*Asks:* 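My questions will all concern the structure given below.
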Amino acid sequence: MYVAVKGGEKAIDNAHRLLADRRRGDRSVPALTLEQISEQLALSVDRVMGEGSLYDRRLAALAIKQSRGDLIEAIFLIRAFRTTLPRFGYSLPVDTGTMLLERRISACFKDLPGGQLLGPTFDYTHRLLDPDLAGDGPVDEGVRGDADTGAAPRVTDLLARGSLIEDDGESDPEHQPGDLTRNPVEFPMERDTRLQALARGDEGFLLALGYSTQRGYARSHPFVGEIRIGEVDVEIEIPELGFSVPAGRVQVTECQLVNQFKGSASVPPQFTRGYGLVFGQAERKAMSMALCDRALRAGEYGEDVVAPAQDEEFVISHCDNVQATGFVEHLKLPHYVDFQAELDLIRRMRASHGGAPVKTDDGQEAAE
Amino acid sequence: MNADMQAYAGGFTDAARQSQAVFRRLLDAMAQPGTLRTMDPEVVAPAPVNAASAAVLLTLADADVTVWLGDDLCGNDALKAWIAFHCGSRAVSGEREADFVLCCDPLVLPELRHFRAGTQDYPDRSATIVLDAGVLSATARDGLAGLRLEGPGIAATNELHARTLPKGFLGQWQANGALFPRGIDMILTGIDAASGKPVIACLPRTVRISGTGG
Amino acid sequence: MTLTEQQNARRARMGLLARSSARQLVELWVKLGEEPEHSLLRGPETGSITLRGRMGGGGAPFNLGEATVTRAAVGLADGTVGHAMVLGRDLEKARIAALVDALCQDERELERIEGGLLTPLRVAEADCERVRREQTAATKVDFFTVVRGED
């Protein structure tokens, strides 16, 4: 229990001012611009947009600046801001199959229509620090190639033509997908709501859980069917027009995992799937999301729920870093009365335990 | 003004402030069932929707809710276009899917049991009916049906008089009350018999209603 | 739902305006000359829309997250209504896009705006996209599988 305390206004004001001062740092160093953050720390911006669950590069850049680069604090700022926006509606589902690709790889097939496009990846770098980047030397533009690579359909659509892999499933056009920003969370969840929670979930948490499934906690033996990064069109239905219009493009990362499945009483052996879709360029996050999505589908395949990553309530209740931060950081709030009670209890237990008498005065003063 | 332009006119001129003001009155009206609250904003929805209903709809209905139109309104394309533009709400054809029900003729309103009453766990997932009762009055007047209200928010009893109410309303309302904590809430709209201004009165599910015999 | 040819053209136009850079749009708009008389029926105002994806890429929809969006509706003196719904928070971009949408419903205006505004936007977009595609294409790989020999 915590109690309201009064006072400290002056100290708080001064703390805010000191925060602003430290945020600015050495005044002889030029201030960061939002353009610099958006252009040069683009993947931080992507993470803040994804987990803040609001696509707006400039706002995310501002949040990063304001939070001094503390990304979870920035995500918190974005979440707070998004609550002030009136919601105009819902987009049509984006079509990742017609994405303007920047990267597209598959670990299942080396030759596939549209080809393997590495794009701007860290994958083949040697992870050696580059001292040249400490300066502002000229940087070459990307090499141009022959852009006529033809259509690049989703790998899972190619695979689905056989029946060896689970298809995307039927969708009822009347069904409205669950929305955890509008309705209280209920367990068990539908997969649609779960994907929404995972899409805004903490990258580190989902990464660790995904990793755990590979290490044997709910072994699922995944292959990367496909990862694609690029821009998709966003279409919005305008009720007064009676048709939908394209409102612009957003960058997303999609990960399709293909998992071995030995079959159950009702389902023959086949490949099953995990799906990840995240704002921006966020490959690690999309893969982690897909690993967790597959693990959480245990129930659908009649698999035993034996590992943390398969436990829906555990994963979904703890994957939101803003929620987690709130509860962890609330421990900083005054718990004086609580603690006094505990202190008193410990003293009495000590006394009845027959141990040495405890000096009360010092302890009490320190606690207050 | 052509029908097309009519859809774009008549909304709030200062949405934030005006919707807050209306919302405040709705809260008060719900907290003190049966009391009349004036709806000031000069809003205009296509006929036959009255100004008070229009203000309520503009305040409560948005893209996250569904609106079901009564049989008197469901063929009214101008109204549908108006709601689409100003509220963005999804129009539904089944009354059980409705978050909000708009009806201007109490005599064609389906019985309350046809609407969603929420669930035991989520009694808030129920329909709210915005019903045009024509004329509302705090005191008895010729041609108005009297209701005696009791329940939370009312010290002893309150009286509300309305020109038109659904057939068999008292019986329906009693059945609605028996569902508690589930149940339908109702917002009656109309013209204040005394001032002639647009006005609302609320009947939350907690209120018990009997006739005044007047 | 099948749209008429006119509706399809309008849709494509609104998409082009939405994707355009605000700076270029304003520049071209100013060059087109005086603004027509109009009233703002709504906005420009910023809010959010919830973006949806599909489970597995092609399955049932789910809510991916939100995006900022700005919308505007304008009415011309003759009663023509123009709409805009553009991602981001640029009010002026949305207002101009709505005006362009309104004007383009008139054949003669369309011709003028096509040459002075829509074509340059289309060219800029195509250039930008081509660079992106070509740069990505240069990273296309052919993996060679090293055959594990039996002997």
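The structure presented is a predicted model; accordingly, all values stated were derived computationally and were not measured. So that the names make sense, note that chain A is the first sequence line, chain B the second, and so on, each numbered from 1. Just the heavy atoms: all of them, side chains too, but no hydrogens, waters or symmetry mates, feed the values below.
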*Asks:* For residues 44-58 of chain C, give me every residue with a non-hydrogen atom less than 4.5 Å from any non-hydrogen atom of chain A.
*Replies:* C:Glu45, C:Thr46, C:Gly47, C:Ser48, C:Ile49, C:Thr50, C:Leu51, C:Arg52, C:Gly53, C:Arg54, C:Met55, C:Gly56, C:Gly57, C:Gly58
*Asks:* Could you tell me which portion of A:Val94 (side chain, backbone, both or neither) has an atom closer than 4.5 angstrom to a non-hydrogen atom of chain C?
*Replies:* both
*Asks:* Please state whether the side chain, the backbone, both or neither of A:Asp233 comes within less than 4.5 Å of a heavy atom of chain C.
*Replies:* side chain
*Asks:* To the nearest 0.5 Å, what is the distance between CZ (A:Arg249) and CG (C:Leu87)?
*Replies:* 11.5 Å
*Asks:* Heavy atom to heavy atom, less than 4.5 Å: which residues from residues 21-30 of chain C reach chain A?
*Replies:* none
*Asks:* With a 4.5 angstrom heavy-atom cut-off, which part of A:Glu190 approaches chain C: side chain, backbone, both or neither?
*Replies:* neither
*Asks:* Heavy-atom cut-off 4.5 Å, strictly under: side chain, backbone, both or neither for A:Glu166 against chain C?
*Replies:* neither
*Asks:* Side chain from CB out, backbone as N, CA, C, O: work out which of these in A:Thr84 comes under 4.5 Å of a heavy atom of chain C, or both, or neither.
*Replies:* neither
*Asks:* Do C:Asn63 side-chain atoms and A:Gly178 backbone N/O form a donor-acceptor pair below 3.5 Å?
*Replies:* yes
*Asks:* Let me confirm one number: the CZ-OG1 distance from A:Arg104 to C:Thr136, rounded to the nearest 0.5 Å.
*Replies:* 12.5 Å
*Asks:* Measure A:Tyr275 against the heavy atoms of chain C and call it side chain, backbone, both or neither at under 4.5 Å.
*Replies:* side chain
*Asks:* Less than 4.5 Å apart, side chain to side chain, heavy atoms only: is that true for A:Tyr55 and C:Thr68?
*Replies:* no
*Asks:* Given the options A:Gly119, A:Gly142, A:Pro86, A:Pro93, which has more heavy-atom pairs under 4.5 Å with chain C than any of the others?
*Replies:* A:Pro93
*Asks:* So which part of A:Leu195 gets closer than 4.5 Å to some heavy atom of chain C, the side chain, the backbone, both or neither?
*Replies:* both
*Asks:* Charged N to carboxylate O under 4.0 angstrom, C:Arg42 versus A:Glu240?
*Replies:* yes
*Asks:* For chain C, find which of A:Leu277, A:Val250, A:Val278 contributes the most heavy-atom pairs closer than 4.5 angstrom.
*Replies:* A:Leu277
